[in-house]
Amino acid sequence: GAEVRAFTSGNPARGRAYGVAVPEIDIVVSADPTHLLGRLDNSFSQSGRSMLRLDRRKLQKAVVRACTDQLVSKAGFKFRRSAFRSDDPKVTL
C-alpha cells in the first residue's frame, strides 16, 4: 500500500495564472519501492525493470511521471512543467 498526504498553501484569491486562481497543493506519497515497482511492471521491459530495482532515484522519477500521466489523462489536469534535478522531484500541473 501507499500513504498519501496532501498539503495546501497560498491564497487562491491573490495568485492568478492564466486568469484563474491557483492555490498550491503538495501531494506526498510514501510507499515501499517493491510495491511501486510491482505497479509499474507493465510499463517497462525486463531490462528497464532491472534498472529501476537498482536505482531508487530512477524508480522515483518513473512513479512521478506515471502519476502525472494519470492526472493529465484521466483527471483533466494540464501539464505545465517538471523539475527532477533536486532531491524532491516537482511537477507543476
Side-chain angles (χ1 to χ4, degrees):
E3 180 180 335
V4 179
R5 294 182 181 179
F7 304 91
T8 60
S9 62
N11 180 351
R14 182 176 46 113
R16 295 190 173 266
Y18 304 101
V20 296
V22 182
E24 289 188 27
I25 302 170
D26 292 312
I27 299 172
V28 179
V29 179
S30 300
D32 181 271
T34 306
H35 178 74
L36 294 174
L37 187 60
R39 300 290 292 175
L40 290 174
D41 260 351
N42 296 332
S43 303
F44 293 91
S45 65
Q46 182 63 35
S47 62
R49 285 191 301 272
S50 296
M51 181 176 54
L52 291 177
R53 278 189 192 92
L54 297 174
D55 190 340
R56 286 185 177 221
R57 183 97 172 113
K58 288 183 181 179
L59 174 60
Q60 181 185 42
K61 191 174 182 179
V63 169
V64 168
R65 284 190 171 145
C67 290
T68 300
D69 289 345
Q70 290 293 308
L71 289 170
V72 169
S73 67
K74 302 225 172 42
F77 284 81
K78 294 189 187 297
F79 177 82
R80 301 287 183 218
R81 66 181 171 272
S82 62
F84 289 100
R85 294 182 189 218
S86 68
D87 287 339
D88 297 318
K90 181 177 182 176
V91 175
T92 303
L93 302 175

Atom of Ala2, atom of Val29 and distance for their closest heavy-atom approach: CB-CG1, 4.1 Å
Pick out which of Val72, Val64, Leu71 makes a side-chain contact (heavy atoms from CB on, under 4.5 Å) with Val91. Val64
Arg57: which residues meet the side-chain hydrogen bond (donor to acceptor under 3.5 Å, both in side chains) condition with it, sequence neighbours left out? Gln60
Are Ile25 and Val4 connected into the same hydrophobic cluster when the rule is that any two of I, L, V, M, F, W, Y join if their side-chain heavy atoms are below 4.5 Å apart? yes
Over all heavy atoms of both residues, which pair between Phe79 and Thr68 is shortest? Give the atoms and the distance, please. CD1-CG2, 4.0 Å
Between atom CG of Leu93 and atom CZ of Arg81, what is the distance when rounded to the nearest 0.5 Å? 10.5 Å
